[in-house]
**Student:** 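Questions regarding the structure given below will be posed in turn.
As the structure is a computational prediction, the values presented were derived from the model and not from experiment. Side-chain atoms are counted along with the backbone in the values below, which use heavy atoms only and exclude waters and symmetry mates. Protein chains get the first letters and strands the later ones, always in sequence-line order, with residue 1 at the start of each.
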Number of protein chains: 2
Amino acid sequence: MAKTRKSIKEQAHAHRGQIPKGARKEEIIRAAAKLFSQKSYHDVTMDDIAEKVGVAKGTIYLYFDSKENLYLEIMEETYEEIESILERETAKSDPAPLKLKKVLGLIFKFYLQNLDVLRILSRDETHLIREHYEFTEHWRLRRIKLYEKILEKGINEGSFRPFKTELTALIIFGLVRSVMFYYKSEKSAESIAEEVFSMISEGILAPGYEKAEAARM
Amino acid sequence: MAKTRKSIKEQAHAHRGQIPKGARKEEIIRAAAKLFSQKSYHDVTMDDIAEKVGVAKGTIYLYFDSKENLYLEIMEETYEEIESILERETAKSDPAPLKLKKVLGLIFKFYLQNLDVLRILSRDETHLIREHYEFTEHWRLRRIKLYEKILEKGINEGSFRPFKTELTALIIFGLVRSVMFYYKSEKSAESIAEEVFSMISEGILAPGYEKAEAARM
DNA sequence: CGTGTTGTACTGACTAGTCAGTCATTCGAT
DNA sequence: ATCGAATGACTGACTAGTCAGTACAACACG
């Protein structure tokens with residue numbers, strides 16, 4: 001169709017100068033991440049994102065195949081980053097309790113620095129799209145495996161008592177998420193990690209009130 | 001517009017007879033709950049729900065003002081039920097540890113019986129609609145308050161060591177959610193509660209490996 | 001130097017499809 | 001015959017994705 005698409009405005013404003021190199025893509029990711037963290041996937045339109053970046057909608061499609069793809073790329077980027085930080089830490093040969101504490105610290109620190117994206121990543125929107133579901137599941141499983149490794153190491157070392165690492169890893173995973181999201185505090189990542197670690201390691205029971213007593217309830 | 005809406009089919013099938021009284025509404029809620037638990041809010045259409053119930057879409061609007069409203073009513077119903085069960089339990093004068101264990105048991109039991117709706121309720125779709133956000137926040141806060149009460153009681157009784165109840169309640173909240181969702185097990189609600197309670201109360205550290213050691217890490 | 005050509009980043013009006021909600025009509029029980 | 005319950009075709013608003021066209025820079029050539 002050879003229709004002229006010129007509008008009333010007739011080339012209203014001059015083009016903004018081109019942005020460096022791959023900066024556009026990064027710009028779009030940042031803006032989209034912010035929006036996705038504020039509203040749900042479906043409530044963020046491609047027009048919203050375009051407006052926030054200050055480009056036309058078509059531009060976004062020069063860098064991403066689809067909305068789903070953009071969403072997935074945001075998650076992937078962040079995921080890779082935190083996971084590599086964590087795996088670098090666990091590769092060290094610290095004793096298990098210290099290792100766990102450090103990992104918690106790194107997670108809380110990363111979270112504090114990446115509130116927006118983490119909020120998306122941890123969202124339980126397991127039904128959005130198939131890829132998203134698979135992605136978050138993969139991520140969850142990998143994190144839980146990481147915890148399990150540390151726990152197993154601790155049990156072997158004798159620093160942790162013997163328990164089912166599967167359930168315990170799940171517990172740690174869930175509790176970390178909850179603290180990340182809902183714990184309002186001015187404290188540093190390290191001191192939050194410290195507090196959380198202390199609860200995980202010692203439990204809630206008073207030393208006087210011992211297992212024997214609790215067991216026959 | 002006084003246009004005739006008759007289609008080619010021309011009254012294809014006979015109407016199903018009317019259903020008892022308020023049974024229709026309950027039917028719709030159940031069908032919708034099932035669908036919402038399988039797909040996200042936006043991916044479930046009113047046509048889907050109508051089809052699943054076996055009525056026309058218009059019928060749903062005889063019982064609910066809007067899709068949002070239907071969604072909210074599902075949540076409200078379930079929420080009221082579990083919360084009243086929990087509050088009946090906490091009103092008893094059991095010692096705190098037993099009380100906590102019982103509450104965990106009831107939550108897991110209720111969850112096992114109401115997988116569909118709980119999956120919706122605990123979903124972190126905090127941005128769907130304003131009412132939904134307020135609703136889930138209200139629910140979370142109330143549950144956390146419930147944990148806090150039990151924890152405070154335990155500290156006063158001397159059965160729990162003194163810790164920050166706010167953070168600990170948040171931890172329990174998160175860990176329960178995680179276990180509910182992801183713990184694949186054939187065990188009964190009681191025995192899951194037992195396992196979880198044991199982790200919460202005793203922690204992960206081996207008795208030999210004591211605080212002193214952990215503290216100077 | 002001016003003029004033409006090419007490459008590319010970008011634009012935004014438009015298309016095609018979706019879906020919540022409506023309402024004129026029909027059903028069926030009394 | 002009457003009337004409330006139920007129907008489902010239709011509407012209107014919305015949005016992901018498209019693509020013909022624009023702007024501009026860089027280089028080429030006479």
**Student:** Using heavy-atom distances to pick each residue's nearest nucleotide on DNA chain C, tell me which of B/Lys67 and B/Gly58 is more 5'.
**Tutor:**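 Between the two, 5'-proximity favours B/Lys67.
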**Student:** Counting the atoms with a prime plus P, OP1 and OP2 as sugar-phosphate, which does B/Lys57 contact under 4.0 Å by heavy atoms, base, sugar-phosphate, or nothing?
**Tutor:**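 Result for B/Lys57 = base.
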**Student:** Measure OH/A/Tyr71 against C1'/D/dA16 and give the value in whole Å, please.
**Tutor:**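 Going from A/Tyr71 (OH) to D/dA16 (C1'), I get 17 Å.
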**Student:** Whole Å only: how far is the CD1 atom of B/Ile49 from the C1' atom of C/dG21?
**Tutor:**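 After rounding, the reported distance stands at 13 Å.
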**Student:** Roughly, in whole Å, what's the span from NE2 in B/His42 to C1' in C/dC19?
**Tutor:**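 Rounded to whole Å, this separation is 12 Å.
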**Student:** I want to check one thing: is the phosphate of D/dT7, taken as OP1 and OP2, less than 4.0 Å away from some side-chain N or O of B/Thr59?
**Tutor:**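 Yes.
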**Student:** B/Phe108 ring centre to B/Lys187 NZ or CZ under 6.0 Å, with the angle to the axis within 45°?
**Tutor:**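 Here B/Lys187 fails the 6.0 Å and 45° test against B/Phe108.
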**Student:** Quick one: label B/Val53 by what it contacts on the DNA or RNA (base, sugar-phosphate, nothing), any heavy atom closer than 4.0 Å.
**Tutor:**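 It contacts nothing in the nucleic acid.
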**Student:** For B/Leu70 and C/dC19, what is the distance between atoms CG and C1' respectively, to the nearest whole Å?
**Tutor:**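 Whole-Å distance recorded here is 15 Å.
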**Student:** Strictly below 4.0 Å: does A/Tyr61 bring a side-chain N or O up to OP1 or OP2 of C/dT11?
**Tutor:**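 Checking C/dT11 against A/Tyr61, no side-chain N or O comes under 4.0 Å of OP1 or OP2.
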**Student:** Whole Å only: how far is the CE atom of B/Met46 from the P atom of D/dA6?
**Tutor:**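 The answer, rounded to whole Å, is 15 Å.
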**Student:** B/His42 vs A/His42 aromatic rings, parallel, tilted or perpendicular, using cut-offs 30° and 60°?
**Tutor:**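 Judged by the thresholds at 30° and 60°, the geometry between B/His42 and A/His42 is tilted.
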**Student:** Between A/Tyr147 and A/Phe173, is the ring centre distance below 6.0 Å?
**Tutor:**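 When the ring centroids of A/Tyr147 and A/Phe173 are compared, they turn out to be at least 6.0 Å apart.
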**Student:** Do A/Lys149 and A/Glu152 meet the salt-bridge criterion of a basic N to acidic O distance under 4.0 Å?
**Tutor:**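 Looking at A/Glu152 and A/Lys149, the cut-off is not met.
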**Student:** Please determine if a side-chain N or O atom of B/Arg24 lies less than 4.0 Å away from the OP1 or OP2 oxygen of D/dA5.
**Tutor:**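 For D/dA5, neither OP1 nor OP2 has a side-chain N or O of B/Arg24 closer than 4.0 Å.
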**Student:** What is the distance, to the nearest angstrom, from the OH atom on B/Tyr63 to the C1' atom on D/dA6?
**Tutor:**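 That distance rounds to 9 Å.
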**Student:** Measure from NZ on A/Lys25 to C1' on C/dA9 and round the result to the nearest Å.
**Tutor:**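 Answer to the nearest Å: 15 Å.
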**Student:** Tell me, do A/Phe181 and A/Arg119 make a side-chain contact under 4.5 Å, heavy atoms counted?
**Tutor:**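 Yes; the side chains approach each other to less than 4.5 Å.
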**Student:** Look at the side-chain N and O atoms of B/Thr45 and state whether any lies under 4.0 Å from the OP1 or OP2 oxygen of C/dC19.
**Tutor:**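 No.
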**Student:** For A/Asp47 and for B/Leu62, locate the closest nucleotide of DNA chain D by heavy-atom distance; then report the residue assigned to the nucleotide nearer the 5' terminus.
**Tutor:**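 Upstream on the strand: B/Leu62.
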**Student:** Rounded to whole angstroms, how far apart are CD1 on A/Ile60 and C1' on D/dT15?
**Tutor:**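 Distance check: A/Ile60 CD1 to D/dT15 C1' gives 13 Å.
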